[in-house]
Amino acid sequence: MNERYSASGLMNPFFPDEVSFGDKGVTFKVRKLFKSTDNFVFYTDISGVEIESGIFFSTVRVIPRMRPEIIINNFTKGDAKKVKELILRQVQS
């Protein structure tokens, strides 16, 4: 499984957050103007996924075990749901 989802370019056209799915885990890239953070989490280490939806965009919160939560912003509602479904499918298998 090698899928990738990027946040909407409307809110942050130059540095969108990104989620990349691999065989053993998922990588979250949270980008800012002067720094970027890459977090790789094994599927087995994820205890939950939450979506906070606004009018147009959604925030995805991934809750890993023994680590602080990972927050990725400005995804379309459809992409946020797909990201959550894919993570939960991998966590449960």
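Note that these values count all heavy atoms, side chains included, but never hydrogens, waters or copies made by symmetry.
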remark   = When every non-hydrogen atom of S53 is compared with those of S58, the smallest separation belongs to OG-OG, 3.1 Å
inquiry  = For P16 versus A7, what's the shortest heavy-atom pair and its separation?
reply    = CB-O, 3.7 Å
Starting at [atom1] of [X], measure out to [atom2] of [Y] and round the result to the nearest 0.5 Å.
X   : Y   : atom1 : atom2 : answer
K77 : F57 : NZ    : CZ    : 10.5 Å
S6  : N74 : OG    : CG    : 12.0 Å
T27 : F21 : OG1   : CZ    : 10.0 Å
I46 : Q90 : CD1   : CD    : 9.5 Å
T37 : F28 : OG1   : CZ    : 13.0 Å
D45 : I63 : CG    : CD1   : 14.0 Å

ask   = Within a radius of less than 6.0 Å around CZ of F42, do more than 12 heavy atoms belonging to other residues, nucleotides or ligands occur?
value = no
key: Heavy atoms of other groups near K81 NZ, more than 12 under 6.0 Å   = no
inquiry  = Has Y43 got a side-chain atom pairing as donor or acceptor with R89's backbone, closer than 3.5 angstrom?
reply    = no
Side chain proximity check, D17 to V19, heavy atoms < 4.5 angstrom = no
ask   = Side-chain contact, heavy-atom cut-off 4.5 Å: V41 with V62?
value = no
query = Applying the side chain to side chain contact (heavy atoms under 4.5 Å, CB included) test to V49, which of E69, K84, E85, R61 qualifies?
reply = K84
request  = Would you kindly confirm whether L88 and I70 end up in one hydrophobic cluster when ILVMFWY residues are joined by side chain heavy atoms under 4.5 Å apart?
outcome  = yes
ask   = Do the side-chain N and O atoms of R31 and S36 include a donor-acceptor pair separated by under 3.5 angstrom?
value = no
